[in-house]
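One structure below.
Values reported hereafter were calculated over all heavy atoms of this structure, with side chains retained and with hydrogens, waters and symmetry mates removed. Within every chain, numbering begins at 1; the chains are lettered A, B, ... in the order of the sequence lines, protein sequences first and strands thereafter.
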Amino acid sequence: MTESGDIALRLAAWWEANARDLPWRFGRATPWGVLVSEVMSQQTQMSRVVPYWTTWMGRWPDARSLASAPKADVITAWGRLGYPRRALRLQECARVVADDYADELPHDYDALVALPGIGDYTASAVMSFAFGERIAVIDTNIRRVLSRVFLGVESRGGAASPVERALANRLLPDDGFTDMADMVVRGSGAVEDAGDAGDAKGMNNKARSGRRPRARRRERPSVVWNQSVMELGAVVCTAKSPLCEACPIADDCAFLKAGRPGLGERRTRPRQRFQGTDRQVRGMVLEALRALPANAVLARNEVAGLWKDHVQLDACIASLDDDGLVEMLPDGSLRLPR
DNA sequence: TTCCAGGCGG
DNA sequence: CCGCCCGGAA
């Protein structure tokens, strides 16, 4: 047992009772579905992702189907999730998986992190959450929680420091000998029954009609650790106003013991402004294109009416074209790419 | 305003 | 390492 053993047990119990009932959790999604959920969740709240993910997976359940979809459909289906380049990268990722890996997501960190749109976090998350492998997952939530609980300070902005990575790796629980996670048969009814764990209810799932299924995959300790620390950071140990009264490990938290020094300081990576930026203009252009009927084009004069500053507007259209998100026709009209 | 299950190009 | 990429919600 590692130094985090006692904390891990309490977090696991908290996780069982409080985990949000997201549709890609608890063995209900394929590895590809888990990857899609992670890409959609990059810099986007999970609550907003859920309806998009459900529709998306119903339409393109595997990499091969997404790979063969028209780009315009992919961009439109991405809707208002934001950062639409993620949609194109996800489709490129799907092409590689379909073509180079026979439509089966590689069970290998190095192969995953080499895929388009997949960085260290997403590759680690897929290895842990989809494949059940023991690997440290490092995202903004886990960095904040581990830094607070074990170091007593706020996590810094920017990339994860070597100290934070070492901490995450050191704390990651051992998995022991169990092979229970391999007993799951995804997509069928032949799943290991986790018994008493099956009736835990989600916190914010009032809107969801489906209950968590009784049949559950029994996760390895490292996977539960990753999931529970991340969930704690998302729901309890939040950046601005952590709910320490509701925290299952408040008694062990160095940050709380120290009087929560620097809480509310801008420790995370400073965010860009939005009003008036190219991101806003690009968003408006794409929104106008998504609203068109299929295969329709946006006439030049309608494009010009989208934004006063035509210098900025033209630059944004050019950058959207560079990104492959729009196509410019010779007459100056715009459309989504095929 | 700030934050959010980041990734990528310069 | 730094700046950019979207949009909604607290």
Side-chain angles (χ1 to χ4, degrees), chain A residues 19-20 22 24-25 29 34-53 75 78-90 92-93 112-130 135-146 154-162 168 204 223 225-235 237-243 263-290 312 315-316 319-320 322-325:
Chain A
R20 290 170 293 179
L22 303 169
W24 50 84
R25 284 182 170 171
V34 172
L35 181 144
V36 172
S37 80
E38 294 298 343
V39 171
M40 286 183 170
S41 301
Q42 291 165 4
Q43 293 289 286
T44 307
Q45 291 90 336
M46 314 290 291
S47 56
R48 291 180 52 214
V49 167
V50 170
Y52 286 95
W53 183 88
I75 294 167
W78 197 258
R80 305 184 69 80
L81 268 178
Y83 295 139
R85 291 189 298 186
R86 290 184 293 168
L88 293 186
R89 291 205 193 99
L90 182 57
E92 293 167 27
C93 175
L112 288 170
V113 82
L115 293 169
I118 308 302
D120 170 70
Y121 162 73
T122 305
S124 302
V126 168
M127 288 301 289
S128 179
F129 305 151
I135 184 171
V137 174
I138 299 175
D139 80 317
T140 176
N141 281 320
I142 288 189
R143 286 173 62 194
R144 182 175 59 252
V145 172
L146 297 187
E154 290 284 34
S155 173
R156 293 279 177 179
S161 69
N204 303 316
V223 177
W225 171 259
N226 286 329
Q227 298 253 52
S228 58
V229 174
M230 201 176 309
E231 185 82 347
L232 191 78
V235 177
C237 193
T238 55
K240 276 181 65 178
S241 48
L243 306 171
L263 176 64
E265 277 184 12
R266 282 173 49 205
R267 293 280 189 157
T268 56
R269 179 165 29 169
R271 289 282 107 200
Q272 267 185 285
R273 301 290 178 269
F274 180 64
Q275 286 295 326
T277 61
D278 287 357
R279 282 162 54 226
Q280 182 183 20
V281 179
R282 286 167 54 107
M284 291 184 63
V285 172
L286 267 191
E287 183 182 13
L289 288 174
R290 283 196 307 264
Q312 185 182 23
C316 287
S319 73
L320 286 167
D322 284 344
D323 290 340
L325 285 164

[X] side chain to [Y] backbone, donor-acceptor under 3.5 Å:
X: A:Arg290; Y: A:Ile75; answer: no
X: A:Thr44; Y: A:Gln42; answer: yes
X: A:Ser124; Y: A:Asp120; answer: yes

Have a look at [X] and say if it touches a base, only the backbone sugar-phosphate, or nothing, with a 4.0 Å heavy-atom cut-off.
X: A:Gly82; result: base
X: A:Asp278; result: sugar-phosphate
X: A:Thr122; result: sugar-phosphate

[X] has a side chain; which of [options] sits nearest to it?
X: A:Arg85; options: B:dC3, C:dC4, B:dA5; result: C:dC4
X: A:Ala239; options: B:dC3, B:dA5, C:dC6; result: B:dC3
X: A:Tyr121; options: B:dC4, B:dG7, C:dC5; result: B:dG7
X: A:Arg20; options: B:dA5, B:dC4, B:dG6; result: B:dA5
X: A:Asp139; options: B:dG7, B:dC8, B:dG6; result: B:dG6
X: A:Gln42; options: C:dC6, B:dG6, B:dC4; result: B:dG6
X: A:Arg48; options: C:dG8, B:dG7, C:dC5; result: C:dG8

>> Quick check on DNA chain B: between A:Val113 and A:Met46, whose nearest nucleotide comes earlier from the 5' end?
In response: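 Final value for this comparison: A:Met46.
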_So, does A:Arg282 get its side chain near the phosphate of C:dC6, meaning an N or O under 4.0 Å from OP1 or OP2?_
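Affirmative; the distance criterion is met.
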Check your understanding: Does the side chain of A:Ser41 get closer than 4.0 angstrom to OP1 or OP2 of B:dG6 through an N or O atom?
Key ->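 Looking at the OP1 and OP2 atoms of B:dG6, neither is under 4.0 Å from any side-chain N or O of A:Ser41.
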* Asked: If the P atom of C:dC6 is compared with that of B:dG9, how far apart are they to the nearest Å?
  ->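 Taking atom P in both C:dC6 and B:dG9, they lie 14 Å apart.
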Check: Looking only at atom P, what distance separates B:dA5 and C:dA10, rounded to whole Å?
Finding: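 About 13 Å, rounded to a whole number of Å.
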To the nearest Å, how far apart are [X] [atom1] and [N] [atom2]?
X: A:Arg279; N: B:dC4; atom1: CZ; atom2: C1'; result: 12 Å
X: A:Met284; N: C:dG8; atom1: CE; atom2: P; result: 13 Å
X: A:Ile142; N: B:dG6; atom1: CD1; atom2: P; result: 10 Å
X: A:Leu81; N: B:dA5; atom1: CG; atom2: P; result: 14 Å
X: A:Leu232; N: B:dC4; atom1: CG; atom2: P; result: 14 Å
X: A:Arg86; N: C:dC6; atom1: CZ; atom2: P; result: 9 Å
X: A:Tyr83; N: B:dC4; atom1: OH; atom2: C1'; result: 9 Å
X: A:Leu35; N: B:dG7; atom1: CG; atom2: P; result: 10 Å

Would you kindly check whether a donor in the side chain of [X] faces an acceptor in the base of [N], or vice versa, at under 3.5 angstrom?
X: A:Arg25; N: B:dA5; value: yes
X: A:Glu38; N: B:dG7; value: no
X: A:Arg80; N: C:dG8; value: no

Minimum heavy-atom separation for A:Ala160 to A:Ile138, with atom names?
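Smallest interatomic distance, heavy atoms only, reads CB-CG2, 3.9 Å.
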Problem - Nearest non-hydrogen partners of A:Gln312 and A:Thr277, listed with the distance - result: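 In terms of heavy atoms, the two residues are closest at NE2-C, 3.6 Å.
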**OP:** I would like to know whether A:Tyr121 and A:Glu38 meet side-chain hydrogen bond (donor to acceptor under 3.5 Å, both in side chains); could you show each step before the answer?
**Re:** CA-CA 9 Å; A:Tyr121 162 73; A:Glu38 294 298 343; 2.7 Å; yes
